[in-house]
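Not measured: the values here are computed from a predicted model. Note that these values count all heavy atoms, side chains included, but never hydrogens, waters or copies made by symmetry. Chain identifiers are assigned alphabetically (A, B, ...) following the order of the sequence lines, protein sequences preceding nucleic acid strands; residue numbering begins at 1 within each chain.
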Amino acid sequence: MYKYHILPHTADVRLKVSGKNLNELFEAALAGMNEIIKPGFCAKKTKPEYTQPVALEARNVTELLVGFLSEVLALSHEKKCIFCEVRFLEPFWFLTYDHQKRPQTIKPRALANPAGVSPRYARPRRGVCQLQNS
Amino acid sequence: MRVPAEVFANSKILEQVFRDKSLEQLVNVSTLPGIVRAALLMPDAHEGYGFPIGGVAAMDMDEGVISPGGIGYDINCGVRLLVTKMVAEEIQDTLPDLARGLYRMVPSGVGASGRIRLDDQELDEVLKGGVDWATAHGYGTATDAGHIESHGRLPGADPAAVSLHAKNRGRDQLGTMGAGNHFVEIGKVERIFDPEIARDFGLFSNQVTILIHCGSRGLGHQIATDYIRVMLGKLQDYGIDLPDRELACAPFQSPEGQRYFAAMTAAANFAWANRQIITDEVRQVWREVLGESGGEISILYDVAHNIAKIEEHVVGGIVKKLVVHRKGATRSFGPNHPELLPIHQKTGQPVLIPGSMGTASYVLAGTETAMKMSFGSSCHGAGRRMSRHQALREVSGKALKEELGAAGIFVETGSVRGLAEEAPFAYKDIHDVVGVVAEADLARKVAQLKPLAVIKG
């Protein structure tokens, strides 16, 4: 079982996640976020229908985790789906996801600019933790 | 702390504010570079992302910073009040039809799509044009913009500063409400405190009103996400040392600060267009259900309560240009302010404060005192006092719907769980909150609204 706890927060939601290594930590965070977005959905899913490659870079692990969750959240909203699993395939990260009710019409594609900002700002600096690249 | 932290509260509210991190967050805000006079907290305060909700912080335009956390993830979340020519008794029999019609017409829920899907060029036009885009495309009348804060369009929006993710999240969301505490509410004028200003605002006893609460949807959320990341990466370069990473910021005049401001402005325009499209949806339902006898629906006012604006205020006897961050705080400009619409020059601007579902909402008017004490700001709502988790533990959505029904409030919602999270007891007492605002003269009470039907995401 993934280790996450949804904690009280007056305005929003707060998530506490733990894992023995970075992979477990990220998996637990993804599971926790999905449980907030659509409770119970991933527990009853059948098989993944698409994979979505994601390339991320960050200055440290905290930013990498926040960036990872932000990226998945954005993709969930754009593609109207929940990504239930993450596989770490060096040098790629692959996400898999199930459809929600409606038929999928958008083809998965690589994101030209995954951070959503100018590459000038996204360029890693000191203490780089970088997981990419296509 | 570079400046003092000031809280507007009574003893009961203060006791509630002490329960979360609101005050700690306010003290953190007071350390930000370029902040002037004081970091302020309104009586609807509670813990937020970096900045507390109910927070107001004004930064020197040349020496200060801009912080996405001081504006919030839902950029230009705000409230619009529509007024009808009908009284409550006239819609009593058709209220369920109106509520069901609104629920059908105004899509709600996390990530909900609307009927409009914008291509790249159209979306850029919305980001630049705000309400003007909507009215030019037939969603409303030419006079609507004249009843909206900043005419529903801020200059300086740059679609090129908005990421592809943000555009993709927003391109099918115009005319949608979202989830959480967003709503469309049919109500009536239950009490009038200031007959003269009420008359000037177009309010009368028992009048049917419609309140809309929503913002810039996924587009605004993504812009906040994008630029918090950008600014975190530049803190060291600008020598900014923060007590909390959630206060990520950049000098306002820096390339990052300017680019965020241009993107935030675009999101603000998107949010105003969104509330304009919802207004059009409300008008359609009104006509469908009531026909010609329903009469016209007009906009009383529309306020942004998550935004940063460049404004002039007197600080230490000198007029200064400031970047005023309002996060869960409503502009409350007093009479004769040059930025106000001509129709509000005598009264001060309308200040719209929605309460929780089962209680009441208020219409107030901005004051001169607010200009001196709070950079022309007031509270924005009742303000949560309880987490969503705790609210869910204390009531079921089904029981709450029945309880509200017994109190004469018709509820339509796509999520009974979401309904329970927004239970009235999860919020502070709106009468207490508005009481503090009125006593401090940050805004003057004009009228109180009572909910009749609530449509929630």
Of all residues at least two apart in sequence or in a different chain, which pass the side-chain contact (heavy atoms from CB on, under 4.5 Å) check with T176(B)?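 Here the qualifying residues are P107(B), Q173(B), R217(B).
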Contacting region of R171(B) [heavy-atom separation from chain A under 4.5 Å]: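 Neither; nothing under 4.5 Å.
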Quick check on R385(B) against chain A: is it the side chain, the backbone, both or neither that has a heavy atom closer than 4.5 Å?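 Just the backbone, heavy atoms under 4.5 Å.
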Test of understanding: with salt bridge (charged side-chain N to carboxylate O under 4.0 Å, His left out), list the residues that count as partners of K428(B), not counting sequence neighbours.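 By the salt bridge (charged side-chain N to carboxylate O under 4.0 Å, His left out) rule, K428(B) matches no residue at all.
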Determine whether V13(A) and H389(B) satisfy the following criterion, side-chain contact (heavy atoms from CB on, under 4.5 Å), listing intermediate values before the conclusion. CA-CA 8 Å; V13(A) 283; H389(B) 242 61; 5.6 Å; no
Flag yes if more than 12 heavy atoms outside N21(A) fall under 6.0 Å of its CG atom; otherwise flag no.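 It does: N21(A) CG has more than 12 such atoms within range.
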Does any heavy atom of chain B fall under 4.5 Å from the side chain of I6(A), the backbone, both, or neither of them?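 Contact with chain B: backbone and side chain both.
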Carefully, step by step, assess H77(A) and Q222(B) under the rule side-chain hydrogen bond (donor to acceptor under 3.5 Å, both in side chains). CA-CA 10 Å; H77(A) 284 293; Q222(B) 189 64 43; over 6 Å; no
Non-hydrogen side-chain atoms of [X] and [Y] separated by less than 4.5 Å:
X	Y	value
T10(A)	Q390(B)	no
H165(B)	S70(A)	no
K79(A)	N168(B)	no
E63(A)	R245(B)	yes

Could you grab the distance from atom CG of D172(B) to atom NZ of K80(A), nearest 0.5 Å is fine?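 Going from the CG atom of D172(B) to the NZ atom of K80(A) covers 4.0 Å.
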CG-CD1 distance between D12(A) and I53(B), expressed to the nearest 0.5 angstrom: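 It comes to 6.5 Å.
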Using a strict 4.0 Å threshold on nitrogen-to-oxygen distance, state whether E47(B) and R14(A) make a salt bridge.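 The answer is yes: the pair qualifies as a salt bridge.
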Among S76(A), G67(A), A74(A), which has the most heavy-atom pairs under 4.5 Å with chain B?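 Of the options given, most contacts go to A74(A).
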Considering all heavy atoms, the nearest H9(A)-G48(B) contact: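 Looking at all heavy atoms of both residues, the shortest contact is NE2-O, 4.1 Å.
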